[in-house]
Amino acid sequence: MSYAHTEVAQIAAISSNRCIGKNNELPWHISADLQHFKQMTTTQNDGDIQGIVIMGRKTFESMGSKPLPKRVSFIISTQMDYAEQKGLVGKNNAHVVHNLDDALTQAASLAHGAHLETIWVIGGERVFNDALMYTDRIELTHVDTDITDGEAFYPELPERFKVVVESELMHDEKSDLSFKFTTYRVDTAK
Ligand SMILES: NC(=O)c1ccc[n+]([C@@H]2O[C@H](COP(=O)([O-])OP(=O)(O)OC[C@H]3O[C@@H](n4cnc5c(N)ncnc54)[C@H](OP(=O)(O)O)[C@@H]3O)[C@@H](O)[C@H]2O)c1
């Protein structure tokens, strides 16, 4: 668990059938959830780096191929020229890496320097799945809907993850969807 003494956390919004994406977009628009994501992944300190996120190439593109404000993004792609393609060479808020290990190593090293306790894995499906073995905490937004024809799914959680905090059920008026925030942590008593 954890990576080079840095907490690894995942954050995702998932449907009842564990869908996270459709047509390379989120399957819903829930502004309170976007706010929650921003709040979780951005600390309130005064440093230049207020958060560190790791994502797959398609997730980066689903956000308009723009690094998230105030945070440093590690984007995983097998394409060796991806940084050139996207004009990211020399940027200090976005780094293209070619495998998950490099993403975690570089993110953990940056976190140490920036005095950040946590690195955030923000998707998509393969990145969530492959990073589970290093993950200490998972923040899931459970959205009370079934998505048909979804393309990306959140993995089933291994038994070692237990619910530690659960919000009340909330309702988003615009989308007419109900949702709740749940925090899972690895049960260290086992
Ligand atoms: N609901 C949520 O919370 C949430 C969160 C994130 C994303 N999403 C949604 O999920 C969808 C995108 O997710 P996705 O699962 O389709 O794609 P993804 O994981 O974001 O991106 C997949 C790509 O990332 C690269 N990649 C991933 N793991 C790699 C590894 N270990 N080594 C090398 N390259 C790796 C590859 O890029 P190359 O093909 O360039 O090699 C791969 O094709 C979108 O619909 C997005 O909106 C939802």
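Order of listing sets the numbers, starting from 1, for every ligand and every atom in it.
Closer than 4.0 Å to atom 42 (C) of ligand 1 lies none of the heavy atoms of the protein.
The Thr78 neighbourhood of ligand 1 comprises atoms 33 (C), 34 (N), 38 (P), 40 (O), 41 (O), with distances under 4.0 Å to a heavy atom of that residue. Numbered from 1 in the order shown, with element, the atoms of ligand 1 that lie under 4.0 Å from a heavy atom of Glu25 read 44 (C), 45 (O), 47 (O). Close approach of ligand 1 to Gln79 (heavy-atom distance below 4.0 Å) involves ligand atoms 38 (P), 40 (O). In the vicinity of Gly21, heavy-atom distances shorter than 4.0 Å reach the ligand 1 atoms 9 (C), 45 (O).
Considering only heavy atoms from C-beta on, Thr182 stays 4.5 Å or farther from Val165 through its side chain. Counting heavy atoms from C-beta outward, Phe74 and Leu110 have side chains that approach closer than 4.5 Å. Considering only heavy atoms from C-beta on, Met55 comes within 4.5 Å of Met63 through its side chain. Two residues are said to be in side-chain contact when any heavy atoms from C-beta on lie closer than 4.5 Å; Asp144 and Phe179 fail this criterion.
Given atom 1 (N) of ligand 1, the protein heavy atom at minimum distance is Ala13 O, 2.8 Å. Among protein heavy atoms, atom 23 (C) of ligand 1 sits closest to Arg57 N, 3.8 Å. For atom 19 (O) of ligand 1, the closest non-hydrogen atom on the protein side is Gly124 N, 3.0 Å. In terms of protein heavy-atom proximity, atom 27 (C) of ligand 1 is nearest to Val127 CG2, 3.8 Å. Among protein heavy atoms, atom 36 (C) of ligand 1 sits closest to Ile76 O, 4.2 Å. With hydrogens left out, the protein atom closest to atom 12 (C) of ligand 1 is Asn24 OD1, 3.5 Å, a heavy atom. In this structure, the protein non-hydrogen atom closest to atom 17 (O) of ligand 1 is Lys58 CB, 3.4 Å. Atom 15 (O) of ligand 1 has as its closest protein heavy atom Glu125 N, 2.7 Å.
Side chains of Tyr184 and Glu139: no donor on one and acceptor on the other come within 3.5 Å. Defined by atom type and a distance below 3.5 Å, a donor-acceptor pair is present between the side-chain atoms of Gln10 and Thr135. Between Thr105 and Asp102, the side chains place no donor N or O within less than 3.5 Å of an acceptor N or O (distance only, hydrogens not considered). A donor atom on one side chain and an acceptor atom on the other are not found under 3.5 Å apart for Thr42 and Lys70. At a cut-off of 3.5 Å, with distance as the only test, a side-chain donor of His171 or Asp176 sits close to an acceptor on the other residue. With no hydrogens or angles considered, a side-chain donor-acceptor pair links Asp33 and Thr141 at under 3.5 Å.
If you look at Ser77 next to ligand 1, the close heavy atoms, those under 4.0 Å, come from the backbone and the side chain alike. At a 4.0 Å heavy-atom cut-off, ligand 1 touches Lys22 through the backbone alone. Contacts between Ala12 and ligand 1, counted as non-hydrogen atom pairs separated by less than 4.0 Å, involve both the backbone and the side chain. Of all the heavy atoms of Thr141, none lies under 4.0 Å from any atom of ligand 1, so neither backbone nor side chain is involved. With a heavy-atom cut-off of 4.0 Å, His98 touches ligand 1 through its backbone alone.
Closest heavy-atom approach to atom 6 (C) of ligand 1 among the candidates Asp33, Val96, Ile20, Ile122: Ile122. The residue among Ala103, Gly150, Ser62, Ala152 with a heavy atom at the shortest distance from atom 46 (C) of ligand 1 is Ser62.
For Phe181 and His36, the gap between ring centers is short of 6.0 Å.
In this structure, Glu7 pairs ionically with Arg137, as a charged nitrogen and a carboxylate oxygen lie closer than 4.0 Å.
Among Leu157, Ile11, Val8, the one residue that satisfies the side chain to side chain contact (heavy atoms under 4.5 Å, CB included) test with Ile138 is Leu157.
On a distance-only criterion, Ile11 and ligand 1 share no N/O pair closer than 3.5 Å. When only interatomic distances are considered, the shortest N/O to N/O separation between Gly123 and ligand 1 does not fall below 3.5 Å. At least one N or O atom of Thr59 sits closer than 3.5 Å to an N or O atom of ligand 1.
Annotation: Asp48, atom CG; neighbour count of heavy atoms from other residues, nucleotides and ligands within 6.0 Å does not exceed 12.
At least one heavy atom of Arg126 sits less than 4.0 Å from an atom of ligand 1.
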